[in-house]
Protein chains: 2
Amino acid sequence: MSTISERKKKILAAVVDEYIRTAEPVGSKAIAQSAHLGCSPATIRNELAELVNMGYLEQPHTSAGRVPTPMGYRMYVNELMDRQKLSLEETEDINRRLNQKLQELDDTIDNVSRLASQLTDYPALALTTQSTVTIKRFDIIYVDANTFILVVMLSNNSVRNKLVRLPISVDQNMIRRLSSLFNASFTGITEDQITPLLINSTERAADDSMGLSSVIAAFAIEVLTESSTPSASVSGENRLLGQPEFRDPDKAHRLMSYLSGGGHILPEADSFGGTDEVRVLIGPENVAEELKDSSVVIASYDAGDNTRGLIGVVGPTRMDYSAVAAKLSFLAAGLSRRLGGGEAPPEGMHNKLIIKGDSSDGSR
Amino acid sequence: MSTISERKKKILAAVVDEYIRTAEPVGSKAIAQSAHLGCSPATIRNELAELVNMGYLEQPHTSAGRVPTPMGYRMYVNELMDRQKLSLEETEDINRRLNQKLQELDDTIDNVSRLASQLTDYPALALTTQSTVTIKRFDIIYVDANTFILVVMLSNNSVRNKLVRLPISVDQNMIRRLSSLFNASFTGITEDQITPLLINSTERAADDSMGLSSVIAAFAIEVLTESSTPSASVSGENRLLGQPEFRDPDKAHRLMSYLSGGGHILPEADSFGGTDEVRVLIGPENVAEELKDSSVVIASYDAGDNTRGLIGVVGPTRMDYSAVAAKLSFLAAGLSRRLGGGEAPPEGMHNKLIIKGDSSDGSR
DNA sequence: GTTGGCACTCTCTTCTATCGAGTGCTAATA
DNA sequence: TATTAGCACTCGATAGAAGAGAGTGCCAAC
């Protein structure tokens, strides 16, 4: 009983394809025409009835066509759908946008989410996972007696700065002293290694009676906290309204508010395997209550310095999984290539698309 | 005919207040109760009929209550509504949020728009006007033979940096030379004063045969462009869906897409007078087609260094003008105080609320 | 100038009838 | 045994009709 005939598979695939296209329950007649397996609607009906029994399809009501269940989608995603290759134009388009957006704004996840949303025409969110960041370099630039600039280069090669203005005067020597001291003792350590003790000893060593050390240390802590905290960005929530399943404003509002909330989304973020994997979460497979009748496609990329970036696209369960997965996969690969440390596959190549779902495999 | 009796004003105000509250056409009976001017519904009906004639109100259909026209709202905003003072809790709340959000992320307009949206519960957008920015200081930090960090401090006291990696090696002296040269000849000038000629001469003066000068100059241009280009940020689009007038998903979608588009919004931005002014644009008063049946409340603040920031809140014409104007005004004042250059009114004070509309004054 | 009374209008809701897509079942067929 | 044609049946969707209710406009009285 756990097997499923070839013909049933074809029919199931046809139903899902058609339903994704039209958002209307699919009838036996339509299938007989679209999937040309030489048999009549009546035969299809028998098969459909069995597919309903097996749990792959359901009927909104007795005399309507069939609609895929989450289990049906799961089967579709795992085995049935044709893994779309992007067209040359599409890959070129993505690469062009990537080059354009990333050349200056290195890691800005806002850009990643916006891009993902534009490409797929669904709301998208981007996030970075937790990671341990340390300071690689510490510089202090003397501007004038009351002003200096802190410049910190992090282990992930991003650079942060802060302009500090003082009510009192400091001389250039003090700045130089502090600079080299901080460069010596505050580099290579993580945020929680910056203890009051360490700050104190730096203060004494620099002969700093004005508390500058704590100001600078505070900046260090701030920067480290900020960079190692996962951050999230959501774009294109409004595209939800283009989907017929969100014509109900309340439903749309609920999901959009949830998305705008941002970060605490995707509890599955942590459990994410490796790069080059696209994961599809269908309806009830989602942990978050608000996503129980939506689907999420997630791709992961290497954001450099052991940081993993995640791109997620949210849509109705009737989502164009194939297209979205292909695009996200390509996008993630492009990002890995540009941001990641490791050796990279040559530009413009399709990388293989590995799709993993949850533990259930859609059979029974 | 251009005058309007006191009682009519009271009735008009009552209609608008009630309509803002309930989103339902307002009947004569309701007014007789809410605005207690000792007269019967019948009298009110007569007055209402005249108000309709004058163009301040309209009826959706013969036997419905009255709804304000844009002209009615205009009159309401200009003369009728009580200028709300915020409660102590509200001002404290805003100040607390301001302190929290701005202490580190100086100018991030994302924060401004998010804050405005949270406070008003309408979608909000923040933008900065065009301004001329120059470089105040130029520093180059040597990291290693293939890497250096550019640090630029701008006339608006923001600091930008960029990590540059080279395929070739440079020695520390070269860096030092470039640093002082750029600091000398690239400061105090605007973007379009950075000519190929200037770059060339710098290149020669530094004895730079590797084209480093153009890399650095490119960064200078980039930073100047970016900082002087008006930028925009939109937040809380989804709050639109909470409003009954946007229960139609298509209508909501249209406006949300327009808002997400961002910048080209508010063509009236340029014409904006001074700080401490709140401007209300009602329905057709808006230039943008997409806003013709929505209202916008705009406040302006001093973002320092001759830059003006704008905060706009978008909602249905049936918007709580009074509350929104009060909140925006206070928020703008708080931002001016923190970011602006001039002397500041003491914290926590209500600043006077000046509301200006367009040229028409709602009378005929 | 104000008020009560009353017929009138128009939307909104509810109910009913009809239509049609699509099914499930049965009996005939290859 | 698998497939097919035929047909009665189900059920949502649509349209029209009836009734309720809110609110008006107007008139005559105060």
Side-chain angles (χ1 to χ4, degrees), chain A residues 3-12 14-19 21-69 72 244-245 247-248, chain B residues 3-12 14-19 21-69 72 244-245 247-248:
Chain A
T3 54
I4 173 172
S5 78
E6 270 318 302
R7 193 171 64 184
K8 280 203 183 56
K9 284 188 180 177
K10 276 196 181 171
I11 292 177
L12 178 52
V15 172
V16 179
D17 279 331
E18 189 68 7
Y19 186 63
R21 209 171 55 80
T22 62
E24 304 272 302
V26 185
S28 54
K29 208 169 165 185
I31 297 174
Q33 288 174 350
S34 79
H36 0 68
L37 11 90
C39 62
S40 78
T43 314
I44 310 259
R45 276 207 287 282
N46 291 329
E47 297 282 54
L48 286 177
E50 288 185 57
L51 283 167
V52 169
N53 269 335
M54 292 170 151
Y56 293 113
L57 297 175
E58 63 186 352
Q59 291 181 281
H61 53 268
T62 329
S63 78
R66 304 308 208 281
V67 163
T69 60
E245 23 272 288
R247 291 203 69 79
D248 173 14
Chain B
T3 53
I4 174 173
S5 76
E6 270 319 302
R7 192 169 66 184
K8 280 202 182 57
K9 285 188 180 177
K10 276 196 180 170
I11 293 176
L12 178 53
V15 172
V16 179
D17 280 330
E18 189 68 6
Y19 186 63
R21 209 172 56 80
T22 62
E24 305 271 300
V26 185
S28 53
K29 208 168 163 185
I31 298 174
Q33 287 173 350
S34 78
H36 359 67
L37 11 90
C39 62
S40 79
T43 314
I44 309 258
R45 276 207 288 282
N46 291 330
E47 297 280 55
L48 286 176
E50 288 185 59
L51 284 167
V52 169
N53 268 336
M54 292 169 146
Y56 293 114
L57 296 176
E58 64 186 352
Q59 292 179 282
H61 54 267
T62 329
S63 78
R66 305 308 206 284
V67 164
T69 60
E245 23 272 287
R247 291 202 69 78
D248 173 14

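Every chain is numbered from 1, with letters handed out A, B, ... down the list of sequences.
Close to C/dC10, at under 4.0 Å from its OP1 or OP2, lies no side-chain N or O of B/Gln59. Phosphate contact (OP1/OP2 of C/dT2, side-chain N/O of B/Arg7, threshold under 4.0 Å): present. When the side-chain nitrogen and oxygen atoms of B/Ser28 are compared with OP1 and OP2 of D/dG23, none of them lie within a distance under 4.0 Å. Look at B/Ser63 and you won't find any side-chain N or O under 4.0 angstrom from OP1 or OP2 of D/dA22. The shortest distance between the side-chain N/O atoms of B/Thr62 and the OP1/OP2 oxygens of D/dT24 is not below 4.0 Å. For A/Arg45 and D/dC7, the shortest distance from a side-chain N or O to OP1 or OP2 is not below 4.0 Å. Applying the 4.0 Å criterion to OP1 and OP2 of D/dT24, one finds that B/Arg66 has a side-chain N or O inside that range.
The interatomic distance linking B/Leu57 (CG) with D/dG25 (P) rounds to 11 Å, in whole Å. Whole-Å rounding puts the B/Glu50 CD to D/dC26 C1' distance at 15 Å. When the P atom of D/dC26 is taken as reference, atom CD of B/Glu47 falls 15 Å away, rounded to whole Å. The nearest whole Å value for the distance from the CD atom in B/Glu24 to the C1' atom in D/dT24 is 17 Å. One interatomic measurement links the two molecules: CG of B/Leu48 to P of C/dT3, which rounds to 14 Å at whole-angstrom precision. If you measure from atom CG of B/Asn46 to atom C1' of D/dC26, you get 9 Å, rounded to the nearest angstrom. D/dG21 atom P lies 13 Å from atom NZ of B/Lys29, rounded to whole Å. One interatomic measurement links the two molecules: NE2 of B/His61 to P of D/dG25, which rounds to 12 Å at whole-angstrom precision.
Side chains of B/Tyr56 and B/Ile4 form a contact here, defined as non-hydrogen atoms less than 4.5 Å apart. Side-chain contact between A/Asp17 and A/Val26: absent, with no pair of heavy atoms (C-beta onward) separated by less than 4.5 Å. Put simply, the side chain of B/Ile31 reaches to within 4.5 Å of the side chain of B/Leu48, judged on heavy atoms.
Across B/Lys8, B/Arg7, B/Arg66, a single residue satisfies salt bridge (Lys or Arg N to Asp or Glu O under 4.0 Å) together with B/Glu50, and that is B/Lys8.
Side-chain N or O atoms of A/Thr69 include one that pairs as donor or acceptor with a backbone N or O of A/Gly55 at under 3.5 Å.
With C/dG4, D/dA5, D/dG25 as the choices, the nucleotide that has an atom nearest any side-chain atom of A/Ser40 turns out to be D/dA5.
Contacts of A/Ala64 with the nucleic acid, taken as non-hydrogen atoms under 4.0 Å apart, involve only primed sugar atoms and P, OP1 or OP2.
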